[in-house]
Amino acid sequence: MSESYPVTRRNKVVRRHERGRYDRATVHAILDSALVAHVAYAIDGQPYCTPTAFWREGERLYWHGSSASRMIRFQSAGVPVCVTVMHLDALVLARSAFHHSVNYRSVMAFGQARLVADETEKRQAIDGFVDRFYPGRSHLLRPPTVQEIKATSFIVMEIEQASAKIRDTHVGDDEEDYELPIWAARYQVRQVIGEAEPCPRQHPDAVEPVGMAPYRAGRTLDEVMTEAARMAGYSDGT
Ligand SMILES: Cc1cc2nc3c(=O)[nH]c(=O)nc-3n(C[C@H](O)[C@H](O)[C@H](O)COP(=O)(O)OP(=O)(O)OC[C@H]3O[C@@H](n4cnc5c(N)ncnc54)[C@H](O)[C@@H]3O)c2cc1C
């Protein structure tokens with residue numbers, strides 16, 4: 001498999017093309033450090049874009065939902081989708097409105113969504129949905145009931161093409177504007193994990209599992225997601 005995704009008109013970054021990347025390592029790193037994706041699809045010409053939890057296994061992206069949901073029922077048939085992930089890293093305030101910007105890491109991934117119909121693959125997806133985020137947790141839980149399994153459907157998409165786009169610089173003003181006495185700055189933005197708040201009805205014998213080790217208060221969510229994926233074997237480091 002080549003190190004980069006194939007580039008066509010569909011995924012070629014045109015605007016600010018120097019920010020575009022197509023190598024799998026960059027795309028995977030952005031995906032693996034996220035918990036939420038936005039899945040876009042069109043039903044009868046009407047675009048919808050649904051935010052949902054997702055995870056990556058190799059070149060496959062998985063997400064799930066109620067078997068009765070419109071998104072799941074529509075995507076089960078095998079339809080084109082575009083999955084996006086975005087990390088907002090900084091607000092960048094320039095000396096002109098035009099040059100205000102943000103730092104970010106984002107991915108757009110394209111492929112065909114389809115239902116996970118195979119029973120074995122569905123069982124793996126049920127565990128994967130828990131273990132990818134909370135390593136080893138599926139085996140500590142009450143097993144899902146037949147009704148729970150029936151009520152839940154999983155969608156999988158093989159990544160056919162993808163692009164990443166990254167801005168990670170400082171203020172970029174017109175040269176003459178640097179002389180102006182206008183406050184310009186960059187503000188870092190972080191989504192941070194808080195302290196664990198044990199359930200008020202916690203069983204006295206319940207202890208925090210080792211799989212929760214990445215979730216230390218004060219760490220950023222993307223660091224935690226990346227470490228959890230590695231720990232659970234859902235990231236090959238590429
Ligand atoms: C948090 C955030 C805020 C942004 N704010 C603005 C804004 O205010 N104004 C603005 O113009 N743009 C903004 N962008 C950039 C925006 O996402 C688009 O890249 C840009 O608008 C160009 O869109 P386009 O359809 O013309 O891109 P084109 O370059 O024509 O898109 C062609 C292909 O390039 C790839 N591509 C384009 N954008 C991205 C992306 N962000 N991530 C991954 N792949 C991409 C896709 O494969 C796409 O199909 C922002 C991005 C982020 C993440």
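Note that ligands are numbered from 1 as they come in the structure, with each ligand's atoms numbered from 1 the same way.
Using a 4.0 Å cut-off to heavy atoms of Phe110, the atoms of ligand 1 that qualify are 47 (O), 49 (O).
The number of heavy atoms from other shown groups lying within 6.0 Å of CZ (Arg123) does not exceed 12. Heavy atoms of other residues, nucleotides or ligands lying less than 6.0 angstrom from CD of Gln191 number 12 at most. The environment of CD in Glu18 is crowded: more than 12 heavy-atom neighbours from other residues, nucleotides or ligands sit within 6.0 Å. Within a 6.0 Å sphere centred on CD of Gln202, other residues, nucleotides and ligands contribute more than 12 heavy atoms.
Cation-pi geometry between Arg56 and Tyr234 is not satisfied (NZ or CZ under 6.0 Å from the ring centre, within 45° of the ring normal).
Between the choices Arg21, Met108, Arg167, Lys12, the shortest heavy-atom distance to atom 32 (C) of ligand 1 belongs to Lys12.
Note that atom 8 (O) of ligand 1 has no protein non-hydrogen atoms nearby, at separations under 4.0 angstrom. For atom 47 (O) of ligand 1, the nearest protein heavy atom is under 4.0 Å away. Distance remark: protein heavy atom not present below 4.0 angstrom from atom 14 (N) of ligand 1. Under the 4.0 Å distance rule, the nearest protein heavy atom to atom 22 (C) of ligand 1 falls inside the cut-off. In this structure, atom 43 (C) of ligand 1 has a protein heavy-atom contact shorter than 4.0 Å. Under the 4.0 angstrom criterion, atom 53 (C) of ligand 1 counts as having a protein heavy-atom contact. Distance check on atom 30 (O) of ligand 1: some protein heavy atom falls below the 4.0 Å cut-off.
In terms of protein heavy atoms, atom 50 (C) of ligand 1 is closest to Tyr104 CE2, 4.1 Å. The protein atom (non-hydrogen) at minimum distance from atom 20 (C) of ligand 1 is Lys165 NZ, 3.9 Å. In terms of protein heavy atoms, atom 26 (O) of ligand 1 is closest to Arg15 CG, 3.7 Å. Of all protein heavy atoms, the one closest to atom 28 (P) of ligand 1 is Val14 N, 3.9 Å. Summary of contacts: the protein heavy atom closest to atom 35 (C) of ligand 1 is Ser163 OG, 3.2 Å. Shortest contact from atom 40 (C) of ligand 1 to any protein heavy atom: Ser106 OG, 3.3 Å. In this structure, atom 1 (C) of ligand 1 lies nearest to the protein heavy atom Met86 SD, 3.7 Å.
Residues Ser33 and His87 have side chains that bring a donor and an acceptor to within less than 3.5 angstrom of each other. Side-chain N/O atoms of Glu59 and Tyr5 include a donor and acceptor closer than 3.5 Å. With hydrogens and angles left out, the side-chain atoms of Tyr62 and Glu121 include a donor and acceptor closer than 3.5 Å. The closest side-chain donor-acceptor pair between Thr8 and Gln161 falls under 3.5 angstrom.
Summarising the geometry of Pro144 relative to Ile126, their closest heavy-atom pair is CG-CG2, 4.2 Å, with the distance given to 0.1 Å.
Taking the six-membered ring for Trp, Tyr134 and Tyr215 have ring centres closer than 6.0 Å. Note: Phe154 and Trp63 fail the aromatic proximity criterion, with ring centroids not under 6.0 Å apart.
Considering backbone and side-chain N/O atoms, Leu88 never comes within less than 3.5 Å of an N/O atom of ligand 1.
The side chain of Val102, and not its backbone, has at least one atom closer than 4.0 Å to an atom of ligand 1 (non-hydrogen atoms only; side chain from C-beta on). Contacts of Arg10 with ligand 1, taken as heavy-atom pairs under 4.0 Å, involve the backbone alone.
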